[in-house]
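Both ligands and their constituent atoms are indexed starting at 1 by order of listing. In what follows, residues are counted from 1 in the order of the sequence shown.
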Amino acid sequence: MGSINGREQWSGRLGFILAAAGSAIGLGNIWRFPYSVAEGGGGLFVLIYLIFVLAIGLPVLLAELALGRTSQRNPVGAFKALIPGKFWPYVGGLGVTTGVGILAFYSVVAGWTVGYLGKAVSGELLQAQDGETSNAIFTEFVADPLWPILLCGLFLLLTLVVVRRGVSKGIERAATILMPALFVLLILLAIRAVSLPGGIDGFTYLFTPDWSKLSLNVVMGALGQALFSLSLGMGAMITFGSYMSKRENLWQSGIFVAIADTGIALLAGLIIFPALFFANADPSAGPGLVFVVLPTIFNQMPLGALFATAFFSLLAIAALTSTVSLLEVVVAYFVDEKGWTRNRAASFVSGICFALAVPSALAFGAVSGLSGGEDGILPFGLDFLTLNNNIWGNYSLSIGAFLICIAVGWVWGVPKLLAALEDGDDRRFPMPGAPVVGFLIKVVCPLAVLTVLIFIIVTGQYF
Ligand code: PFF
(Lines give C-alpha, C1' and ligand atoms only; values in the text may rest on other atoms or scores of the structure.)
Protein backbone atom coordinates (compact mmCIF):
# COMPACT_ATOMS: atom_id res chain seq x y z
CA MET A 1 0.00 0.00 0.00
CA GLY A 2 1.27 3.45 -0.79
CA SER A 3 0.18 6.83 0.43
CA ILE A 4 0.71 10.19 -1.18
CA ASN A 5 -0.06 13.42 0.70
CA GLY A 6 -1.93 11.32 3.23
CA ARG A 7 -4.22 9.88 0.58
CA GLU A 8 -4.00 6.17 0.08
CA GLN A 9 -3.12 4.61 -3.24
CA TRP A 10 -3.43 1.21 -4.83
CA SER A 11 -0.29 -0.85 -4.48
CA GLY A 12 0.18 -0.83 -8.24
CA ARG A 13 -1.55 -1.36 -11.52
CA LEU A 14 -2.64 -4.87 -10.70
CA GLY A 15 -4.09 -3.68 -7.40
CA PHE A 16 -6.17 -1.10 -9.17
CA ILE A 17 -7.32 -3.44 -11.93
CA LEU A 18 -8.39 -6.06 -9.43
CA ALA A 19 -10.26 -3.57 -7.31
CA ALA A 20 -11.98 -1.92 -10.28
CA ALA A 21 -12.85 -5.27 -11.82
CA GLY A 22 -14.04 -6.32 -8.36
CA SER A 23 -16.37 -3.32 -8.30
CA ALA A 24 -17.67 -3.97 -11.80
CA ILE A 25 -18.09 -7.73 -11.48
CA GLY A 26 -20.81 -8.59 -9.04
CA LEU A 27 -24.50 -9.30 -8.79
CA GLY A 28 -24.95 -7.04 -11.79
CA ASN A 29 -23.35 -9.68 -13.98
CA ILE A 30 -24.68 -12.84 -12.43
CA TRP A 31 -28.04 -11.82 -10.97
CA ARG A 32 -29.18 -8.67 -12.79
CA PHE A 33 -27.88 -9.35 -16.31
CA PRO A 34 -29.65 -12.71 -16.80
CA TYR A 35 -32.99 -11.50 -15.53
CA SER A 36 -32.80 -8.30 -17.53
CA VAL A 37 -32.06 -10.41 -20.61
CA ALA A 38 -35.09 -12.57 -19.82
CA GLU A 39 -37.29 -9.50 -19.40
CA GLY A 40 -35.85 -7.94 -22.53
CA GLY A 41 -36.62 -10.98 -24.63
CA GLY A 42 -33.15 -12.50 -25.09
CA GLY A 43 -30.67 -11.83 -27.89
CA LEU A 44 -31.94 -8.40 -28.80
CA PHE A 45 -31.31 -7.12 -25.28
CA VAL A 46 -27.82 -8.63 -25.36
CA LEU A 47 -27.02 -6.96 -28.67
CA ILE A 48 -28.16 -3.50 -27.53
CA TYR A 49 -26.35 -3.98 -24.22
CA LEU A 50 -23.10 -4.81 -26.05
CA ILE A 51 -23.43 -1.74 -28.28
CA PHE A 52 -23.98 0.44 -25.18
CA VAL A 53 -20.96 -1.08 -23.41
CA LEU A 54 -18.74 -0.16 -26.35
CA ALA A 55 -20.23 3.19 -27.34
CA ILE A 56 -21.16 4.56 -23.90
CA GLY A 57 -19.73 2.35 -21.16
CA LEU A 58 -16.11 2.35 -22.21
CA PRO A 59 -15.86 6.12 -22.88
CA VAL A 60 -17.66 7.00 -19.64
CA LEU A 61 -15.41 4.59 -17.76
CA LEU A 62 -12.32 6.33 -19.14
CA ALA A 63 -13.80 9.76 -18.40
CA GLU A 64 -14.56 8.84 -14.78
CA LEU A 65 -11.10 7.37 -14.23
CA ALA A 66 -9.51 10.49 -15.72
CA LEU A 67 -11.58 12.81 -13.49
CA GLY A 68 -10.68 10.78 -10.43
CA ARG A 69 -6.99 10.43 -11.07
CA THR A 70 -6.51 14.05 -12.05
CA SER A 71 -8.41 15.48 -9.08
CA GLN A 72 -7.49 12.79 -6.50
CA ARG A 73 -10.91 13.42 -4.95
CA ASN A 74 -14.33 11.89 -4.33
CA PRO A 75 -17.04 12.62 -6.95
CA VAL A 76 -18.19 15.91 -5.38
CA GLY A 77 -14.62 17.11 -4.84
CA ALA A 78 -13.58 16.05 -8.34
CA PHE A 79 -16.23 18.26 -9.96
CA LYS A 80 -15.39 21.12 -7.58
CA ALA A 81 -11.71 20.87 -8.46
CA LEU A 82 -11.92 20.42 -12.21
CA ILE A 83 -15.19 21.70 -13.65
CA PRO A 84 -15.90 25.40 -13.18
CA GLY A 85 -19.47 26.32 -12.27
CA LYS A 86 -21.62 25.98 -9.15
CA PHE A 87 -23.86 23.34 -10.70
CA TRP A 88 -21.36 20.51 -11.23
CA PRO A 89 -20.66 19.40 -7.66
CA TYR A 90 -24.38 18.49 -7.52
CA VAL A 91 -23.69 15.86 -10.18
CA GLY A 92 -21.20 14.35 -7.75
CA GLY A 93 -23.88 14.69 -5.07
CA LEU A 94 -26.34 12.77 -7.23
CA GLY A 95 -23.70 10.05 -7.55
CA VAL A 96 -23.18 9.83 -3.80
CA THR A 97 -26.96 9.63 -3.25
CA THR A 98 -27.24 6.96 -5.92
CA GLY A 99 -24.57 4.97 -4.10
CA VAL A 100 -26.82 4.86 -1.04
CA GLY A 101 -29.88 4.05 -3.19
CA ILE A 102 -28.17 1.12 -4.92
CA LEU A 103 -26.53 -0.23 -1.78
CA ALA A 104 -29.91 -0.29 -0.07
CA PHE A 105 -31.32 -2.93 -2.43
CA TYR A 106 -28.09 -4.58 -3.61
CA SER A 107 -27.26 -5.61 -0.06
CA VAL A 108 -30.60 -7.44 0.16
CA VAL A 109 -29.78 -9.62 -2.84
CA ALA A 110 -26.24 -10.02 -1.52
CA GLY A 111 -27.83 -11.31 1.69
CA TRP A 112 -29.79 -13.87 -0.37
CA THR A 113 -26.49 -15.21 -1.75
CA VAL A 114 -25.31 -15.82 1.80
CA GLY A 115 -28.61 -17.56 2.58
CA TYR A 116 -28.12 -19.75 -0.49
CA LEU A 117 -24.58 -20.51 0.60
CA GLY A 118 -26.11 -21.86 3.80
CA LYS A 119 -28.59 -23.95 1.81
CA ALA A 120 -25.76 -25.30 -0.38
CA VAL A 121 -23.74 -26.34 2.68
CA SER A 122 -26.72 -27.94 4.41
CA GLY A 123 -27.61 -29.90 1.27
CA GLU A 124 -31.06 -28.32 0.97
CA LEU A 125 -30.34 -27.14 -2.57
CA LEU A 126 -29.90 -30.72 -3.72
CA GLN A 127 -33.64 -31.14 -3.28
CA ALA A 128 -34.18 -28.67 -6.11
CA GLN A 129 -34.30 -31.32 -8.83
CA ASP A 130 -36.59 -29.33 -11.12
CA GLY A 131 -37.69 -25.75 -11.73
CA GLU A 132 -40.83 -26.10 -9.66
CA THR A 133 -39.23 -27.37 -6.44
CA SER A 134 -36.44 -24.88 -6.82
CA ASN A 135 -38.96 -22.08 -7.18
CA ALA A 136 -40.76 -23.23 -4.05
CA ILE A 137 -37.50 -23.15 -2.06
CA PHE A 138 -36.74 -19.61 -3.25
CA THR A 139 -40.23 -18.27 -2.67
CA GLU A 140 -40.32 -19.58 0.87
CA PHE A 141 -36.86 -18.22 1.65
CA VAL A 142 -37.44 -14.65 0.48
CA ALA A 143 -40.91 -14.42 2.03
CA ASP A 144 -39.50 -14.95 5.50
CA PRO A 145 -39.91 -11.77 7.56
CA LEU A 146 -36.60 -12.15 9.39
CA TRP A 147 -33.83 -13.97 7.52
CA PRO A 148 -33.52 -11.63 4.53
CA ILE A 149 -33.17 -8.67 6.90
CA LEU A 150 -30.60 -10.40 9.09
CA LEU A 151 -28.54 -11.56 6.13
CA CYS A 152 -28.64 -8.12 4.55
CA GLY A 153 -27.46 -6.65 7.86
CA LEU A 154 -24.67 -9.22 8.03
CA PHE A 155 -23.61 -8.32 4.52
CA LEU A 156 -23.50 -4.62 5.27
CA LEU A 157 -21.46 -5.39 8.36
CA LEU A 158 -18.93 -7.29 6.26
CA THR A 159 -18.81 -4.39 3.81
CA LEU A 160 -18.22 -2.01 6.69
CA VAL A 161 -15.34 -4.12 8.01
CA VAL A 162 -13.59 -4.09 4.61
CA VAL A 163 -14.13 -0.37 4.00
CA ARG A 164 -12.89 0.54 7.47
CA ARG A 165 -9.62 -1.23 6.79
CA GLY A 166 -9.01 1.15 3.89
CA VAL A 167 -8.45 1.06 0.22
CA SER A 168 -5.57 -1.17 -0.41
CA LYS A 169 -5.53 -3.54 2.54
CA GLY A 170 -9.22 -4.26 2.45
CA ILE A 171 -10.45 -3.82 -1.06
CA GLU A 172 -7.49 -5.07 -3.04
CA ARG A 173 -6.93 -8.15 -0.99
CA ALA A 174 -10.52 -9.36 -1.28
CA ALA A 175 -10.43 -8.93 -5.06
CA THR A 176 -7.11 -10.68 -5.60
CA ILE A 177 -8.37 -14.00 -4.38
CA LEU A 178 -11.79 -13.85 -5.89
CA MET A 179 -11.41 -12.96 -9.54
CA PRO A 180 -9.48 -15.92 -10.95
CA ALA A 181 -11.42 -18.43 -8.89
CA LEU A 182 -14.77 -17.05 -9.98
CA PHE A 183 -13.72 -17.09 -13.60
CA VAL A 184 -12.64 -20.73 -13.57
CA LEU A 185 -15.79 -21.84 -11.79
CA LEU A 186 -18.04 -19.97 -14.22
CA ILE A 187 -16.33 -21.62 -17.18
CA LEU A 188 -16.89 -25.07 -15.67
CA LEU A 189 -20.54 -24.31 -15.00
CA ALA A 190 -21.05 -22.90 -18.50
CA ILE A 191 -19.60 -26.06 -20.07
CA ARG A 192 -21.94 -28.18 -17.98
CA ALA A 193 -24.96 -26.01 -18.74
CA VAL A 194 -24.47 -25.81 -22.49
CA SER A 195 -24.07 -29.57 -22.72
CA LEU A 196 -27.37 -30.27 -20.89
CA PRO A 197 -30.33 -31.43 -22.96
CA GLY A 198 -31.92 -28.21 -24.23
CA GLY A 199 -28.67 -26.35 -23.61
CA ILE A 200 -28.34 -25.24 -27.21
CA ASP A 201 -31.78 -23.58 -27.05
CA GLY A 202 -30.49 -21.41 -24.26
CA PHE A 203 -27.47 -20.51 -26.32
CA THR A 204 -29.67 -19.57 -29.28
CA TYR A 205 -31.98 -17.53 -27.04
CA LEU A 206 -29.03 -15.52 -25.76
CA PHE A 207 -27.51 -14.73 -29.13
CA THR A 208 -30.38 -14.48 -31.62
CA PRO A 209 -31.97 -11.03 -31.67
CA ASP A 210 -35.72 -11.09 -32.07
CA TRP A 211 -36.48 -7.64 -33.48
CA SER A 212 -40.16 -7.89 -32.69
CA LYS A 213 -39.14 -7.46 -29.03
CA LEU A 214 -37.75 -3.97 -29.64
CA SER A 215 -39.26 -1.46 -27.20
CA LEU A 216 -38.27 1.56 -25.20
CA ASN A 217 -38.11 -0.52 -22.04
CA VAL A 218 -35.64 -2.90 -23.62
CA VAL A 219 -33.41 -0.02 -24.74
CA MET A 220 -33.56 1.68 -21.33
CA GLY A 221 -32.95 -1.61 -19.56
CA ALA A 222 -29.89 -2.31 -21.72
CA LEU A 223 -28.52 1.20 -21.15
CA GLY A 224 -29.02 0.93 -17.40
CA GLN A 225 -27.48 -2.54 -17.37
CA ALA A 226 -24.38 -1.43 -19.30
CA LEU A 227 -23.80 1.39 -16.78
CA PHE A 228 -24.74 -0.62 -13.69
CA SER A 229 -22.53 -3.51 -14.64
CA LEU A 230 -19.49 -1.31 -15.20
CA SER A 231 -20.22 0.70 -12.00
CA LEU A 232 -20.69 3.91 -13.98
CA GLY A 233 -22.74 7.07 -13.70
CA MET A 234 -22.37 7.59 -9.95
CA GLY A 235 -18.68 8.26 -9.51
CA ALA A 236 -17.49 4.86 -8.29
CA MET A 237 -14.82 4.92 -10.96
CA ILE A 238 -14.02 8.56 -10.14
CA THR A 239 -13.41 7.45 -6.57
CA PHE A 240 -11.35 4.40 -7.58
CA GLY A 241 -9.43 6.48 -10.12
CA SER A 242 -8.59 8.90 -7.32
CA TYR A 243 -6.51 6.22 -5.60
CA MET A 244 -4.52 5.61 -8.79
CA SER A 245 -0.99 6.85 -9.19
CA LYS A 246 0.04 8.98 -12.13
CA ARG A 247 2.21 6.21 -13.41
CA GLU A 248 -0.54 3.92 -14.53
CA ASN A 249 -1.91 3.60 -18.02
CA LEU A 250 -5.61 4.40 -17.86
CA TRP A 251 -6.46 3.05 -21.31
CA GLN A 252 -5.17 -0.41 -20.72
CA SER A 253 -6.71 -0.67 -17.28
CA GLY A 254 -10.09 0.66 -18.44
CA ILE A 255 -10.27 -1.62 -21.45
CA PHE A 256 -9.27 -4.63 -19.38
CA VAL A 257 -11.99 -3.93 -16.80
CA ALA A 258 -14.65 -3.52 -19.50
CA ILE A 259 -13.68 -6.76 -21.23
CA ALA A 260 -13.54 -8.74 -18.00
CA ASP A 261 -16.91 -7.42 -16.84
CA THR A 262 -18.69 -8.05 -20.12
CA GLY A 263 -17.11 -11.48 -20.47
CA ILE A 264 -18.34 -12.52 -17.03
CA ALA A 265 -21.88 -11.30 -17.79
CA LEU A 266 -21.97 -13.31 -21.01
CA LEU A 267 -20.59 -16.35 -19.19
CA ALA A 268 -23.35 -16.01 -16.61
CA GLY A 269 -25.86 -15.92 -19.48
CA LEU A 270 -24.29 -19.06 -20.90
CA ILE A 271 -24.96 -20.78 -17.60
CA ILE A 272 -28.43 -19.48 -16.80
CA PHE A 273 -30.23 -19.78 -20.13
CA PRO A 274 -29.21 -23.32 -21.08
CA ALA A 275 -30.10 -24.32 -17.51
CA LEU A 276 -33.38 -22.47 -17.74
CA PHE A 277 -34.44 -24.36 -20.86
CA PHE A 278 -33.25 -27.60 -19.32
CA ALA A 279 -35.23 -27.06 -16.12
CA ASN A 280 -38.26 -25.77 -17.97
CA ALA A 281 -38.24 -22.77 -15.67
CA ASP A 282 -40.12 -19.55 -16.30
CA PRO A 283 -37.95 -16.93 -18.04
CA SER A 284 -40.04 -14.16 -16.49
CA ALA A 285 -39.06 -15.25 -12.99
CA GLY A 286 -37.77 -11.73 -12.23
CA PRO A 287 -35.23 -11.13 -9.47
CA GLY A 288 -35.44 -14.78 -8.42
CA LEU A 289 -34.31 -16.14 -11.79
CA VAL A 290 -30.73 -17.05 -10.94
CA PHE A 291 -31.63 -18.44 -7.53
CA VAL A 292 -34.29 -20.67 -9.07
CA VAL A 293 -32.38 -21.85 -12.11
CA LEU A 294 -28.90 -22.50 -10.75
CA PRO A 295 -29.69 -25.21 -8.21
CA THR A 296 -31.13 -27.34 -11.00
CA ILE A 297 -27.75 -27.53 -12.73
CA PHE A 298 -25.84 -28.28 -9.56
CA ASN A 299 -28.08 -31.29 -9.32
CA GLN A 300 -26.87 -32.42 -12.72
CA MET A 301 -23.22 -32.34 -11.74
CA PRO A 302 -21.04 -34.78 -9.89
CA LEU A 303 -20.10 -33.23 -6.55
CA GLY A 304 -23.05 -30.86 -7.00
CA ALA A 305 -23.13 -29.77 -3.35
CA LEU A 306 -19.48 -28.85 -3.53
CA PHE A 307 -19.97 -26.84 -6.72
CA ALA A 308 -22.98 -25.10 -5.23
CA THR A 309 -21.01 -24.19 -2.12
CA ALA A 310 -18.08 -22.90 -4.17
CA PHE A 311 -20.39 -20.94 -6.45
CA PHE A 312 -22.37 -19.16 -3.75
CA SER A 313 -19.20 -18.40 -1.78
CA LEU A 314 -17.65 -16.78 -4.83
CA LEU A 315 -20.84 -14.95 -5.71
CA ALA A 316 -21.02 -13.56 -2.18
CA ILE A 317 -17.41 -12.38 -2.42
CA ALA A 318 -18.05 -10.86 -5.87
CA ALA A 319 -21.00 -9.01 -4.37
CA LEU A 320 -18.82 -7.90 -1.46
CA THR A 321 -16.18 -6.29 -3.69
CA SER A 322 -19.05 -4.35 -5.32
CA THR A 323 -20.81 -3.29 -2.11
CA VAL A 324 -17.42 -2.14 -0.87
CA SER A 325 -17.08 0.17 -3.87
CA LEU A 326 -20.61 1.51 -3.39
CA LEU A 327 -19.93 2.30 0.25
CA GLU A 328 -16.49 3.68 -0.59
CA VAL A 329 -18.00 6.39 -2.83
CA VAL A 330 -20.12 7.72 0.02
CA VAL A 331 -17.38 7.32 2.61
CA ALA A 332 -14.85 9.16 0.41
CA TYR A 333 -17.33 12.03 0.20
CA PHE A 334 -17.70 12.35 3.97
CA VAL A 335 -13.96 11.96 4.54
CA ASP A 336 -12.81 14.45 1.87
CA GLU A 337 -15.58 17.02 2.03
CA LYS A 338 -16.78 16.87 5.61
CA GLY A 339 -13.56 15.88 7.34
CA TRP A 340 -15.07 12.80 9.00
CA THR A 341 -12.89 9.87 9.96
CA ARG A 342 -13.13 6.80 7.72
CA ASN A 343 -14.50 4.79 10.64
CA ARG A 344 -17.26 7.21 11.47
CA ALA A 345 -18.30 7.70 7.84
CA ALA A 346 -18.38 3.98 7.09
CA SER A 347 -20.40 3.13 10.22
CA PHE A 348 -22.88 5.95 9.70
CA VAL A 349 -23.50 5.25 6.01
CA SER A 350 -23.86 1.50 6.36
CA GLY A 351 -26.34 2.07 9.21
CA ILE A 352 -28.45 4.34 7.00
CA CYS A 353 -28.30 1.85 4.15
CA PHE A 354 -29.44 -0.93 6.44
CA ALA A 355 -32.50 1.07 7.53
CA LEU A 356 -33.32 1.85 3.91
CA ALA A 357 -32.83 -1.78 2.88
CA VAL A 358 -35.47 -3.18 5.23
CA PRO A 359 -38.48 -2.50 2.94
CA SER A 360 -36.67 -4.19 0.03
CA ALA A 361 -35.92 -7.20 2.21
CA LEU A 362 -39.63 -7.45 3.03
CA ALA A 363 -40.84 -7.03 -0.56
CA PHE A 364 -41.15 -10.68 -1.54
CA GLY A 365 -44.14 -11.82 0.43
CA ALA A 366 -43.40 -10.73 4.00
CA VAL A 367 -45.31 -7.44 3.62
CA SER A 368 -47.86 -7.69 0.87
CA GLY A 369 -48.11 -3.94 0.27
CA LEU A 370 -44.42 -3.87 -0.72
CA SER A 371 -44.60 -6.93 -2.95
CA GLY A 372 -46.03 -5.35 -6.05
CA GLY A 373 -48.87 -6.78 -8.10
CA GLU A 374 -52.55 -6.05 -7.56
CA ASP A 375 -52.61 -5.30 -3.83
CA GLY A 376 -49.25 -3.51 -3.81
CA ILE A 377 -49.11 0.10 -2.72
CA LEU A 378 -46.33 0.99 -5.12
CA PRO A 379 -46.57 2.53 -8.58
CA PHE A 380 -46.40 0.43 -11.75
CA GLY A 381 -47.26 -2.76 -9.87
CA LEU A 382 -43.60 -3.24 -8.96
CA ASP A 383 -42.20 -4.62 -5.75
CA PHE A 384 -40.11 -2.25 -3.63
CA LEU A 385 -36.77 -3.80 -4.57
CA THR A 386 -37.45 -3.78 -8.31
CA LEU A 387 -38.72 -0.21 -8.15
CA ASN A 388 -35.48 0.89 -6.48
CA ASN A 389 -33.43 -1.19 -8.87
CA ASN A 390 -35.04 0.68 -11.77
CA ILE A 391 -34.93 4.16 -10.26
CA TRP A 392 -31.33 4.07 -8.99
CA GLY A 393 -29.85 1.38 -11.20
CA ASN A 394 -31.28 2.58 -14.52
CA TYR A 395 -32.50 6.17 -14.32
CA SER A 396 -30.15 7.72 -11.84
CA LEU A 397 -27.07 6.14 -13.44
CA SER A 398 -28.19 7.21 -16.92
CA ILE A 399 -28.78 10.80 -15.85
CA GLY A 400 -25.43 10.74 -14.02
CA ALA A 401 -23.62 9.38 -17.08
CA PHE A 402 -25.25 12.01 -19.28
CA LEU A 403 -24.12 14.83 -17.00
CA ILE A 404 -20.61 13.40 -16.67
CA CYS A 405 -20.33 13.34 -20.48
CA ILE A 406 -21.45 16.96 -20.74
CA ALA A 407 -19.07 18.05 -17.99
CA VAL A 408 -16.09 16.21 -19.44
CA GLY A 409 -16.86 16.67 -23.15
CA TRP A 410 -17.99 20.29 -23.13
CA VAL A 411 -16.72 21.99 -19.97
CA TRP A 412 -13.48 20.25 -19.03
CA GLY A 413 -12.85 19.55 -22.70
CA VAL A 414 -11.71 16.60 -24.78
CA PRO A 415 -8.05 17.76 -25.00
CA LYS A 416 -7.79 17.72 -21.20
CA LEU A 417 -9.47 14.33 -21.05
CA LEU A 418 -7.06 12.86 -23.57
CA ALA A 419 -4.07 14.42 -21.85
CA ALA A 420 -5.23 13.01 -18.50
CA LEU A 421 -5.63 9.58 -20.02
CA GLU A 422 -2.17 9.72 -21.54
CA ASP A 423 -0.55 10.89 -18.33
CA GLY A 424 1.78 8.18 -17.15
CA ASP A 425 1.46 6.35 -20.42
CA ASP A 426 4.73 4.56 -20.88
CA ARG A 427 4.17 4.51 -24.63
CA ARG A 428 4.45 0.79 -24.91
CA PHE A 429 0.76 0.86 -25.62
CA PRO A 430 -0.31 3.51 -28.11
CA MET A 431 -3.79 4.82 -27.43
CA PRO A 432 -5.94 3.41 -30.16
CA GLY A 433 -8.86 5.52 -31.25
CA ALA A 434 -8.29 8.54 -28.99
CA PRO A 435 -10.28 10.91 -31.24
CA VAL A 436 -13.11 8.37 -31.35
CA VAL A 437 -13.36 8.43 -27.56
CA GLY A 438 -13.53 12.23 -27.65
CA PHE A 439 -16.35 12.14 -30.17
CA LEU A 440 -18.24 9.49 -28.25
CA ILE A 441 -18.01 11.44 -24.98
CA LYS A 442 -18.89 14.77 -26.50
CA VAL A 443 -21.60 13.83 -28.95
CA VAL A 444 -22.68 10.20 -29.14
CA CYS A 445 -23.09 9.34 -25.44
CA PRO A 446 -25.02 12.44 -24.36
CA LEU A 447 -27.20 12.36 -27.44
CA ALA A 448 -28.01 8.67 -27.09
CA VAL A 449 -28.87 8.91 -23.39
CA LEU A 450 -30.89 12.07 -23.86
CA THR A 451 -32.86 10.58 -26.74
CA VAL A 452 -33.80 7.54 -24.67
CA LEU A 453 -34.84 9.70 -21.70
CA ILE A 454 -36.90 12.08 -23.84
CA PHE A 455 -38.70 9.21 -25.54
CA ILE A 456 -39.51 7.74 -22.16
CA ILE A 457 -40.88 11.00 -20.82
CA VAL A 458 -42.91 11.66 -23.96
CA THR A 459 -44.41 8.18 -24.12
CA GLY A 460 -44.75 7.76 -20.37
CA GLN A 461 -43.38 4.19 -20.56
CA TYR A 462 -41.25 4.42 -17.45
CA PHE A 463 -40.89 0.77 -16.53
N1 PFF B 1 -21.13 -3.07 -10.98
C2 PFF B 1 -21.70 -3.75 -9.85
C3 PFF B 1 -22.27 -5.06 -10.33
O4 PFF B 1 -22.32 -5.30 -11.54
O5 PFF B 1 -22.68 -5.87 -9.51
C6 PFF B 1 -22.75 -2.91 -9.16
C7 PFF B 1 -22.31 -1.50 -8.90
C8 PFF B 1 -21.19 -1.26 -8.10
C9 PFF B 1 -22.97 -0.45 -9.50
C10 PFF B 1 -20.75 0.05 -7.91
C11 PFF B 1 -22.57 0.86 -9.34
C12 PFF B 1 -21.44 1.08 -8.52
F13 PFF B 1 -21.03 2.30 -8.38
If you scan protein heavy atoms around atom 9 (C) of ligand 1, the nearest is Phe228 O, 3.4 Å
Side chain to side chain contact (heavy atoms under 4.5 Å, CB included) filter on Ala346, not counting sequence neighbours, yields Leu160, Val163, Arg164, Val331
Provide, to 0.1 Å, the distance between atom 12 (C) of ligand 1 and the closest protein heavy atom, together with that atom's residue and name. Leu326 CD2, 3.4 Å
Minimum-distance protein heavy atom relative to atom 5 (O) of ligand 1: Tyr106 OH, 2.4 Å
Note the single closest protein heavy atom to atom 11 (C) of ligand 1, along with its residue, its atom name and the distance in Å. Ser231 CA, 3.6 Å
If you measure from the Lys or Arg side-chain nitrogens to the Asp or Glu carboxylate oxygens, is any gap between Glu337 and Lys80 under 4.0 Å? yes
Considering only non-hydrogen protein atoms, determine which one is nearest to atom 2 (C) of ligand 1 and report residue, atom name and distance to 0.1 Å. Ser23 O, 3.2 Å
List the closest protein heavy-atom neighbour of atom 4 (O) of ligand 1: residue, atom name, distance to the nearest 0.1 Å. Ala24 O, 2.8 Å
So, Asn389 side chain and Leu385 main chain: donor-acceptor pair closer than 3.5 Å or not? no
Is it true that Trp31 lies under 4.0 Å from ligand 1, counting heavy atoms only? no
Taking the cut-offs as 6.0 angstrom to the six-membered ring centre and 45 degrees off its axis, would you call Arg32 and Phe228 a cation-pi pair? yes
Is a side-chain donor or acceptor of Thr262 paired with a backbone partner of Ala258 at a separation under 3.5 angstrom? yes
